[in-house]
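Quick notes on the structure that follows.
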Amino acid sequence: MNLAIDIGNTCAKLAVIENGQVVDFFKTDTLSEVYLEQLLENFPDITGAILISVHEDSDAPIEALLRRRLGRFIRFGHGVPVPIRNGYAMPDTLGADRLAAAVGAATLYPGNNVLIVDFGTAITFDFVSAEGEFLGGNISPGAATRFRALHHFTRKLPLCELIDREVFMGRDTVSAIEGGVVNGIVYEVEGYIRDLERKYDGLRIIFTGGDSNFFAKRVKKPIFATYDLVAYGLNRILEYNAK
């Protein structure tokens, strides 16, 4: 049994994985040593862990605890071998979370061309080939970032948010902003899918990230939506380095 930890800017996500499957998943605003100790007590069969973090300095106590308690530990970053080829022009500049998600996609859909769309503060579009190579991707503002930008850089536009309703053409300012942001993202995503399907056979599409379910209902394509893609990738990387 393994533990995959993804510490981001706003929260920490922890996945307990057994036989390659996520069996439990937790989110916490602050990952403390006490929280982690309790989790390890609740899952005594955990023998390995892998950590990815945007806070390279402040999570040293967490790393020390994992190294002390478990037989296997990896802090994932550049230099750690991965089971796919990184075709990024400057591999060391690729975010570790994007690379872990790419490994997760190759793990879930081996031998397939896969488009990963991660809906967060930014929306990332990443592509993994059927041959198991990360071929690159793009970064675009996420929904909340677009709403905040419209509010911040104009004098009169209100701050809006994602609302679960269909808006094609707004009939007032709020619905116009909602429709503009949501439809803009949908058309953007569908454009990537259309162009990649023209170039690559049997394209698989994975949506992940906080807004993935919201947009999965609005994009007219078969989509696999998962909140734990990075966890699957981290687990695969941990197992790959254990061999």
Are [X] and [Y] ion-paired here, with the side-chain N under 4.0 Å from a carboxylate O?
X: D164; Y: R218; value: yes
X: R75; Y: E63; value: yes
X: E131; Y: R85; value: no
X: E41; Y: R69; value: yes

State the [atom1]-[atom2] distance between [X] and [Y], to the nearest 0.5 angstrom.
X: E188; Y: I193; atom1: CD; atom2: CD1; value: 11.0 Å
X: L135; Y: L115; atom1: CG; atom2: CG; value: 11.5 Å
X: I5; Y: D59; atom1: CD1; atom2: CG; value: 9.5 Å
X: F73; Y: L66; atom1: CZ; atom2: CG; value: 5.0 Å
X: R98; Y: N86; atom1: CZ; atom2: CG; value: 9.5 Å
X: N112; Y: R204; atom1: CG; atom2: CZ; value: 5.0 Å

Non-hydrogen atoms of E178 and C160 that approach each other most closely: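 Heavy atoms of E178 and C160 come nearest at CG-CB, 4.5 Å.
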
Side-chain heavy-atom pair L70, T47 within 4.5 angstrom cut-off: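 They are not in side-chain contact.
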
Polar contact flag, side-chain donor to acceptor under 3.5 angstrom, Y192-N138: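 N138 and Y192 do have a side-chain donor-acceptor pair below 3.5 Å.
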
Side-chain donor-acceptor contact under 3.5 Å, N2 with E239: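 Side chains of N2 and E239: pair found under 3.5 Å.
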
